[in-house]
Amino acid sequence: MSALNLTHSDPSTFILMGIPGMEDAHVWISIPFATSYISSLLGNFMVLFVVGKEETLHKPMYLLICMLALTDITKSSTIMPKALCIFWFNLKGITMVGCLTQIFFLHTVGFVQSAVLMIMAFDRYVAICNPLRYATILTNARIAMLGLAVLVRALLFMVPLPLTLSRLPYCDNHVIPQTQCEHMLLAMISCGDITFNRTYSFVMPFLLMGSDLMLIALSYGLIIRAVLRISSKRAHQKALNTCTAHIFVMLMFYTPVLFSILTIRLNGDITPHGRIILSVLYHLVPPVLNPIIYGVKTQELRDKVGKYSCRR
């Protein structure tokens with residue numbers, strides 16, 4: 001009732017319910033959330049530190065890994081501090097500005113991360129199919145420019161979302177059954193016309209991420225064709241091993257994203273608990289596992305991380 005009273009007294013404030021129906025267990029649920037968040041920060045900051053410190057890692061592939069680490073840090077830091085405030089202190093209120101800021105950063109980072117994975121696929125294609133020209137095709141300056149370009153692309157496509165959401169009328173219901181603000185959840189509690197929001201939120205991910213996936217598929221198609229032309233089985237294995245980490249990271253990113261888009265847009269009856277599970281998969285699991293995957297599968301990075309981790 002206190003949450004409902006807050007919505008009436010302050011119409012510019014929304015209420016994030018956390019995990020509806022499991023409020024009594026919020027403190028216990030917060031333990032894996034907090035542990036995952038701290039692990040993701042430690043892992044990704046370690047990657048950034050090691051790559052920044054070691055000049056031998058100042059290469060396109062490691063710059064891309066750093067971009068991925070930055071997106072992971074931003075994504076988890078956008079939602080976890082507020083989620084933990086809900087679980088620990090029952091601070092469920094969030095302003096319109098705060099809610100729109102979360103939505104803007106979450107979607108922007110998602111589009112940037114998708115584009116970075118696409119550039120990584122192109123990086124692997126050049127490394128395997130044109131190794132002699134790798135240093136001239138993919139320079140550090142070119143990777144930096146590509147990173148800036150994908151950031152600008154994401155920002156341009158994301159600007160309409162908070163603008164349209166801020167102009168929607170919100171009547172009595174200001175309760176959001178989630179740990180963070182999400183575009184369609186916020187739009188659905190509006191008492192105005194959300195046709196544009198439904199269309200935009202469905203088309204944009206498929207337009208941006210879909211084009212990224214097509215380019216990734218093209219890159220891997222060319223990689224597979226090049227690998228099949230190699231007669232040596234050892235060369236086969238070596239070439240494919242360079243792609244293993246990237247494939248794992250892609251699966252962790254795109255699988256929950258595509259599933260979430262389809263279930264939330266096409267089936268409005270998805271349970272709140274299902275939304276939370278999807279949210280955890282998308283916002284917490286990849287940031288925790290990405291540095292581990294690249295640390296394990298990339299020998300040069302693994303050796304450098306071990307060098308700093310084992311210092312006394």
Side-chain angles (χ1 to χ4, degrees), residues 33-84 101-102 104-124 127 134-135 138-155 212 242-253 282-312:
F33 275 69
T35 303
S36 298
Y37 179 50
I38 293 170
S39 299
S40 70
L41 292 181
L42 291 175
N44 286 291
F45 274 120
M46 173 62 83
V47 169
L48 293 174
F49 172 77
V50 171
V51 174
K53 198 79 171 175
E54 294 290 331
E55 291 187 7
T56 57
L57 298 182
H58 293 177
K59 302 174 184 177
M61 184 178 75
Y62 297 106
L63 292 182
L64 289 169
I65 292 175
C66 285
M67 290 182 190
L68 194 66
L70 286 172
T71 60
D72 283 336
I73 291 169
T74 304
K75 181 165 61 177
S76 58
S77 296
T78 299
I79 65 167
M80 283 312 303
K82 180 59 184 177
L84 293 177
T101 300
Q102 275 196 337
F104 181 78
F105 274 99
L106 286 177
H107 287 279
T108 300
V109 169
F111 291 143
V112 170
Q113 195 163 21
S114 175
V116 170
L117 291 173
M118 180 266 293
I119 299 172
M120 283 180 161
F122 179 69
D123 171 82
R124 293 300 84 203
Y134 181 87
L138 289 176
T139 62
N140 289 347
R142 193 161 291 169
I143 291 296
M145 291 299 295
L146 286 172
L148 179 61
V150 300
L151 176 60
V152 171
R153 182 191 76 160
L155 291 173
D212 293 338
T242 63
C243 301
T244 305
H246 182 246
I247 292 171
F248 280 137
V249 170
M250 281 196 306
L251 289 174
M252 287 193 301
F253 175 77
Y282 178 46
H283 297 302
L284 276 182
V285 175
V288 173
L289 295 183
N290 286 348
I292 297 174
I293 291 172
Y294 277 109
V296 170
K297 299 300 293 184
T298 310
Q299 183 175 355
E300 194 174 5
L301 179 60
R302 181 173 68 247
D303 292 342
K304 299 300 183 183
V305 170
K307 168 185 169 183
Y308 287 96
S309 300
C310 296
R311 280 184 174 179
R312 294 183 182 274

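Heavy-atom basis, side chains included; hydrogens, waters and symmetry copies ignored.
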So, using ring pair (Phe, Tyr, Trp, His ring centres under 6.0 Å) as the criterion, who are the partners of Tyr134 when residues are at least two apart? none
Using side-chain heavy atoms (C-beta onward) and a distance below 4.5 Å, is [X] in contact with [Y]?
{"X": "Asn140", "Y": "Pro60", "result": "yes"}
{"X": "Asp72", "Y": "Gln113", "result": "yes"}
{"X": "Val47", "Y": "Val305", "result": "no"}
{"X": "Val51", "Y": "Ile65", "result": "no"}
{"X": "Leu284", "Y": "Lys75", "result": "no"}
{"X": "Val249", "Y": "Tyr294", "result": "yes"}

Donor-acceptor pair between [X] and [Y] side chains, under 3.5 angstrom:
{"X": "Gln102", "Y": "Lys82", "answer": "no"}
{"X": "Tyr37", "Y": "Ser77", "answer": "yes"}
{"X": "Tyr62", "Y": "Glu54", "answer": "no"}

Drop me the distance from [X]'s [atom1] to [Y]'s [atom2], to the nearest 0.5 angstrom.
{"X": "Ile247", "Y": "Lys297", "atom1": "CD1", "atom2": "NZ", "result": "10.0 Å"}
{"X": "Ile119", "Y": "Met61", "atom1": "CD1", "atom2": "CE", "result": "15.0 Å"}
{"X": "Leu148", "Y": "Met67", "atom1": "CG", "atom2": "CE", "result": "9.0 Å"}
{"X": "Leu57", "Y": "Asp303", "atom1": "CG", "atom2": "CG", "result": "9.5 Å"}
{"X": "Asp123", "Y": "Ile143", "atom1": "CG", "atom2": "CD1", "result": "6.0 Å"}
{"X": "Ser39", "Y": "Ile292", "atom1": "OG", "atom2": "CD1", "result": "7.5 Å"}

Output yes when Asp212 and Arg153 qualify as a salt bridge under the 4.0 Å nitrogen-oxygen rule, no when they do not. yes
Show the numbers, then the answer: is there a side chain to side chain contact (heavy atoms under 4.5 Å, CB included) between Leu48 and Ile73? CA-CA 11 Å; Leu48 293 174; Ile73 291 169; 3.7 Å; yes
Grab the two heavy atoms, one from [X] and one from [Y], that are nearest each other, plus how far apart they are.
{"X": "His58", "Y": "Gly52", "value": "NE2-O, 3.3 Å"}
{"X": "Leu117", "Y": "His246", "value": "O-NE2, 2.8 Å"}
{"X": "Val116", "Y": "Leu68", "value": "CG1-N, 4.3 Å"}
{"X": "Pro287", "Y": "Asn44", "value": "O-ND2, 2.9 Å"}
{"X": "Phe111", "Y": "Ala154", "value": "CB-CB, 3.8 Å"}
{"X": "Ala34", "Y": "Met80", "value": "N-CE, 4.5 Å"}

Quick one: does Thr78's side chain have a donor or acceptor within less than 3.5 Å of a partner on Thr74's backbone? yes
Would you check if the side chain of Thr139 reaches a backbone N or O of Arg142 as a donor-acceptor pair within less than 3.5 Å? yes
Worked verdict on Asn290 versus Phe248 for side chain to side chain contact (heavy atoms under 4.5 Å, CB included): CA-CA 9 Å; Asn290 286 348; Phe248 280 137; over 6 Å; no
Test log, rule side chain to side chain contact (heavy atoms under 4.5 Å, CB included), inputs His283 and Leu106: CA-CA 9 Å; His283 297 302; Leu106 286 177; 3.6 Å; yes
Could you walk me through whether Phe105 and Ile79 satisfy the side chain to side chain contact (heavy atoms under 4.5 Å, CB included) test, starting with their C-alpha distance in whole Å, then the side-chain angles of each, then the deciding distance to 0.1 Å, before giving a yes or no? CA-CA 10 Å; Phe105 274 99; Ile79 65 167; over 6 Å; no
